[in-house]
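Each remark here refers to the structure printed beneath this line.
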Amino acid sequence: VSIEHTRSLLSAVTGDASTVLQMIHNTPFGDIVDTEDDMQPYMWRAIDRLIGIYKLFGSLIVTMNVNKEQLLERARNSFANVTELADTLVRSEGISFRKSHSIVSLCVRHLADIEHGSLADLTWDIANEKSLEVTGKALVISPEDFYNALKPEYFVEVRKLIGGPNFETMQKSLELAEVESDELEAYLTNKVNNIKVAEEQLNQMLKAWTQE
């Protein structure tokens with residue numbers, strides 16, 4: 001529930017941020033009317049909401065307990081991995097994704113007709129039968145590669161692109177995020193200090209003017 005709220009609230013932040021960008025679009029640099037009362041409420045609301053999201057998601061991460069064994073078992077028996085099977089069949093059979101999707105869809109329907117049927121009940125023979133129905137050709141993929149494509153571990157492993165769940169990819173992303181976090185914190189600290197110095201200079205100038 002917390003993750004679902006985080007997702008929807010982040011969408012609201014994106015909406016407010018987009019509103020701010022649209023309101024300052026083509027606004028002359030010296031024109032502060034458009035960017036004052038009309039725009040600022042959206043900006044402050046987005047910032048306040050984002051702070052709340054960080055607190056919510058951070059609390060979730062540091063307090064959650066994950067039952068890895070149970071979740072892995074659920075993943076193995078769910079139909080989530082059939083998307084990878086469809087991708088694999090495109091590569092191994094040299095067919096369009098539409099035909100591959102049709103083969104996998106027929107396999108899932110077949111399992112749905114079995115009482116308590118799950119992905120664990122899907123065999124190479126069943127898929128081969130559905131391939132003959134859709135393409136008129138037997139499967140080229142070996143049974144070993146076929147069953148490997150149904151494993152959630154394989155599903156995660158092959159997704160090595162930036163943003164993917166592959167372990168090494170995630171590790172690099174986390175390391176990069178840590179470096180960027182330090183850089184952003186240093187940038188923010190520098191900005192805050194510069195603002196304080198500027199405010200102090202303005203106060204000194206104001207005092208000098210009033211004394212004159």
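We're numbering straight along the sequence, starting at 1.
A distance-only check finds no donor-acceptor pair linking the side chain of Asn166 to the backbone of Lys160 [under 3.5 Å]. No side-chain donor-acceptor contact under 3.5 Å links Ser181 to the backbone of Ala177. In this structure, the side chain of Glu93 engages the main chain of Val140 through a donor-acceptor pair within 3.5 Å. Looking only at distances, no side-chain donor or acceptor of Asn190 sits under 3.5 Å from a matching main-chain atom of Ala186. Listed for the Ser131 side chain is a donor-acceptor partner under 3.5 Å among the backbone atoms of Lys137.
Minimum heavy-atom separation, Leu89 to Ile95: O-CG1, 3.8 Å. Here the shortest heavy-atom pairing between Asn77 and Ala120 reads OD1-CB, 3.6 Å. Of all heavy-atom pairs spanning Val156 and Pro165, the tightest one is CG1-O, 3.3 Å. Between Lys99 and Thr135, the shortest heavy-atom distance links the atoms CD-CG2, 4.2 Å. Of all the heavy atoms in Ser118 and Leu111, the pair that sits closest is O-CD1, 3.5 Å. Contact between Ala12 and Arg49 at its shortest, heavy atoms only, is CB-NH1, 3.1 Å.
Atom OH of Tyr147 has more than 12 neighbouring heavy atoms from other residues, nucleotides or ligands inside a 6.0 Å radius. More than 12 heavy atoms of other residues, nucleotides or ligands sit less than 6.0 Å from atom CD of Gln204. The number of heavy atoms from other shown groups lying within 6.0 Å of CZ (Phe79) is above 12. Heavy-atom contacts from other residues, nucleotides or ligands closer than 6.0 Å to CD1 of Ile162 number 12 or fewer.
Using a 4.0 Å cut-off between charged side-chain N and carboxylate O, Arg76 and Glu153 make a salt bridge. With respect to Glu133 and Lys130, a salt bridge is recorded, a charged nitrogen being found less than 4.0 Å from a carboxylate O.
Under a hydrophobic clustering in which Ile, Leu, Val, Met, Phe, Trp and Tyr are joined whenever their side-chain heavy atoms come within less than 4.5 Å, directly or via other members, Leu161 and Leu174 fall into different clusters.
One finds the CG atom of Asp16 at 4.0 Å from the CZ atom of Arg45 (value rounded to the nearest 0.5 Å). Here the CZ atom belonging to Arg91 is positioned 9.5 Å from the OG atom belonging to Ser100, to the nearest 0.5 angstrom. Atoms OG and CE, on Ser2 and Met64 in that order, are 10.0 Å from each other to the nearest 0.5 Å. Distance check, rounded to the nearest 0.5 Å: CD of Glu175 to CD of Gln171 gives 5.0 Å. With values rounded to the nearest 0.5 angstrom, Trp44 atom CH2 is found 6.0 Å from Gln40 atom CD. Taking CD1 of Ile47 as the start and CE of Met43 as the end, the distance is 5.5 Å to the nearest 0.5 Å.
Here Ser142 pairs with Glu144, Asp145 under the side chain to side chain contact (heavy atoms under 4.5 Å, CB included) rule; sequence neighbours left out.
With Phe146 as the partner, the side-chain contact (heavy atoms from CB on, under 4.5 Å) test is satisfied by one option alone out of Thr123, Asn128, Thr88, Leu122: Leu122. Exactly one residue among Glu157, Lys151, Arg159 makes a side-chain contact (heavy atoms from CB on, under 4.5 Å) with Phe155. That residue is Arg159.
Looking at heavy atoms from C-beta onward, Leu21 lies out of side-chain contact with His25 at the 4.5 angstrom threshold. The shortest distance between side-chain heavy atoms of Trp124 and Ile141 falls below 4.5 Å.
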